[in-house]
Amino acid sequence: FPVRISQSHFIKLFLSQCKPCLLLLSTFMPLPEAECAYTLFVVAIFWLTEALPLAVSALLPAFMFPLFGIMESKEVASAYFKDFHLLLIGVICLATSIEKWNFHKRVALRMVMLVGVNPAWLMLGFMVSCAFLSMWLSNTSAAAMVMPIVEAVAQQIIRAETEADALEMSCSNGSINPALELDGRHAHPHSENVKVVTGKRKKNKLMGRKSREDKYSGIFKVMCLCVAYSATIGGLTTITGTSTNLIFAEHFNTRYPGCQCINFGSWFILSIPITVIILLLSWVWLQWLFLGFKNMFKCGKKKTAREEASAQVIQEEYKKLGPMSYPEIVTLVLFILMTLLWFTREPGFIPGWSSLFPKYKGYATDSTTALVIGLLFFIIPAKTLSRTSNGENTVFGYTPLITWKEFQSCMPWEIAILVGGGFALADGCEVSKLSEWVASKLTPLGSLPLWLVILISCLIVTSVTEVASNPATITIFLPILSPLAEAIHVNPLFILIPATLCTSFAFLLPVANPANAIVFSYGHLTVMDMVKAGLGINIIGVAVVMLAIMTWIVPIFDLYTYPIWAPNMPSANIQLV
């Protein structure tokens, strides 16, 4: 919030303007629509400014809609817990087990060991491992898991380079160094010339050490940034990877129940190329910005002290984990099982396992799978049976893979309530006819080329998400962009998919998302470092999303055809170019 005033003063100031704002809105639209728009405006202001916690602000529709006569209290309450929350519970069960048994650390270290210790490839290893973790865990958790490993490698590099510099300086100052030849027997008659040459050499060495310090500072910066950005980029890949994807999927399937085309498999197919391209281009961008391309692809050369130190600390960290434990193996098996069930429910090109229940088509969703597997974490024991001398199995101190307290500590209740508030706002917009009013006002946008409409929406959400939380941004814009697509008579997915993806592009500031804040807290970065690097990745992200929505995503959902499951509104003059 740019104007630093106290929370109480802001709330008093805002409440004093409530009645004038409502009267102003009522002059532009009918009263029911004005009351709903006013509620949306109030919640959006509190979300953007965070004068109150996000979850608290999300509860405002629960009492404002009944007081305005838009929806009954029980109708609003039913919007706060939906299919999304069951999916979230199942995913958090998996994430809790992964974190508890250090399976995430094993995956990250193993991936880094595979790519080697060259600075460029080491950075790519951290990016791939962090992106992979964020596909299944929250972006914040992925960054928090990988960053301590990066910090350990960074500290080991500092130690190795300090020792190398000390050894070099001791050799250069000693009398045995033939390059200097400062002892009395070998000194040149013109000793003043010797002093001048010696001084220049010392100055060059100091300058060389300063350049090395700048270089290693750049390495630390780029390694920190690669963790923050890859955690966000990896979350784009799956429906469960980030809260914005989950909010979009639930909003879309609720608003357009006749489609049900957004599921785990379809989202993965459309987003995995986007994630890979953005990740690789971000790697190249960060490498060029901080390190240059000189040593990016060097092969067959002797490892430097820094590279030896990096390899050593990674191998030592991996050895500390020991062999895979029983809980890790069970977690891995359940993780693979959950993923396979998600992919094979309705793959599209072949019948999925949901076809085994033809009488109950559409009953089972991704949340069903997540919940079934999630419950197993509370049932399967964390220890194997102990065998006694007489051959009988006994169990001592039975404990499951995760406990309820451990689950509660990882469950993002704020996100759950925030999403519920978004669903309540969406229902209120439908009941009060505010969506139809907005659609009628947005119809003139149909005269613009479709690619320009998509680009404008992407740039708007990308800008807003830098100063507001990602979930709040997508929750605000989904009820606006859906009627926009209907008003200009295009497939809603044409606008909603790129806007959802761009909502995650909060790369500029440390406070833009929690992953950025975690990395920034380690003290290797300045705000300008993050702004300079994040601006380029924002441009890369929007460009790749625009390329995707105009090319390979089109045949997946037949985007150039207005679907039968969308409201049939009068078509506008649209240029599909």
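Residue numbers run from 1 in the order of the sequence given.
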Any side-chain heavy-atom pair of T232 and S134 under 4.5 Å: no
Indicate yes or no: at least one non-hydrogen side-chain atom of K532 is less than 4.5 angstrom from one of L289. yes
Whether Y229 side chain and F507 backbone form a donor-acceptor pair below 3.5 Å: yes
Counting only heavy atoms from other residues, nucleotides and ligands, does the tally under 6.0 Å from CG of L67 exceed 12? yes
Specify whether F264 and F268 have parallel, tilted or perpendicular ring planes, treating 30° as the upper limit for parallel and 60° as the lower limit for perpendicular. parallel
I would like to know whether L508 and N538 meet side chain to side chain contact (heavy atoms under 4.5 Å, CB included); could you show each step before the answer? CA-CA 8 Å; L508 286 182; N538 268 345; 3.5 Å; yes
At their closest point, which heavy atom of S243 faces which heavy atom of P471, and how far apart are they? OG-CG, 3.2 Å
Would you call the rings of F357 and W353 parallel, tilted or perpendicular if under 30° counts as parallel and over 60° as perpendicular? perpendicular
Can you name the one residue among T244, T503, T465 that meets side-chain hydrogen bond (donor to acceptor under 3.5 Å, both in side chains) with N470? T465
C259 and C261: sulfurs closer than 2.5 Å? yes
Side chains of S457 and C502, heavy atoms from C-beta outward: is any pair under 4.5 Å? no
Taken to the nearest 0.5 Å, the spacing of I497 CD1 from S266 OG works out to 8.0 Å
Check V222 against Q287 and note the closest heavy-atom contact, atom names and distance. CG2-N, 4.4 Å
Please walk me through it: do C93 and F407 pass side chain to side chain contact (heavy atoms under 4.5 Å, CB included)? CA-CA 6 Å; C93 290; F407 166 79; 3.8 Å; yes
Using side-chain heavy atoms (C-beta onward) and a distance below 4.5 Å, is Y256 in contact with P492? yes
Is a donor on one side and an acceptor on the other found under 3.5 Å between the side chain of N245 and the backbone of T500? no
Should V42 and L60 count as side-chain neighbours, where that means a heavy-atom distance under 4.5 Å? yes
Looking at A533, is its backbone amide N or carbonyl O close enough to the side chain of W285 to form a donor-acceptor pair, meaning the two atoms are under 3.5 Å apart? yes
So how far is it from L478 CG to I247 CD1, rounded to the nearest 0.5 Å? 8.0 Å
Please evaluate residues W267 and F248 with respect to the criterion side chain to side chain contact (heavy atoms under 4.5 Å, CB included), reporting the C-alpha separation (whole Å), side-chain torsions for both, the decisive distance (0.1 Å), and the verdict. CA-CA 11 Å; W267 185 268; F248 159 72; 3.4 Å; yes
Judged by atom type as modelled, is there a donor-acceptor pair below 3.5 Å linking the side chain of S482 to the main-chain atoms of P479? no
Determine whether V128 and S230 make a side-chain contact, defined as any pair of heavy atoms from C-beta on separated by less than 4.5 Å. no
To the nearest 0.5 angstrom, please state how far the CG atom of L501 sits from the CD1 atom of I233. 12.0 Å
To the nearest 0.5 Å, tell me how far M135 CE sits from T275 OG1. 7.5 Å
Do the ring planes of H489 and Y562 sit parallel (below 30°), tilted (30 to 60°) or perpendicular (above 60°)? parallel
Of all heavy-atom pairs between T561 and N491, which one has the smallest distance, and what is that distance? O-ND2, 3.7 Å
For the atom pair OG1 (T368) and CD1 (I373), what is the distance rounded to the nearest 0.5 Å? 11.5 Å
Would you mind checking if R255 and E250 are paired as a salt bridge, meaning a charged N to carboxylate O distance below 4.0 Å? no
CG-CE distance between L286 and M127, expressed to the nearest 0.5 angstrom: 6.0 Å
Looking at every heavy atom in both V76 and A424, which two are closest together, and how far apart are they? CG1-CB, 4.1 Å
Student check: side-chain heavy atoms of I239 and N263 closer than 4.5 Å: no
Between Y560 and F494, does the ring centroid distance fall short of 6.0 Å? yes
Taking all non-hydrogen atoms of both residues into account, name the closest pair between V542 and F505 and its distance. N-CE1, 3.7 Å
In short, G90 meets M338 closest at the heavy-atom pair O-CE, 4.0 Å
Given side chain to side chain contact (heavy atoms under 4.5 Å, CB included), test L559 with L493 step by step and report yes or no. CA-CA 7 Å; L559 293 183; L493 291 172; 3.7 Å; yes
Using modelled atom types only, decide if a donor and an acceptor are shared between the side chain of T39 and the backbone of M64 within a distance under 3.5 Å. no
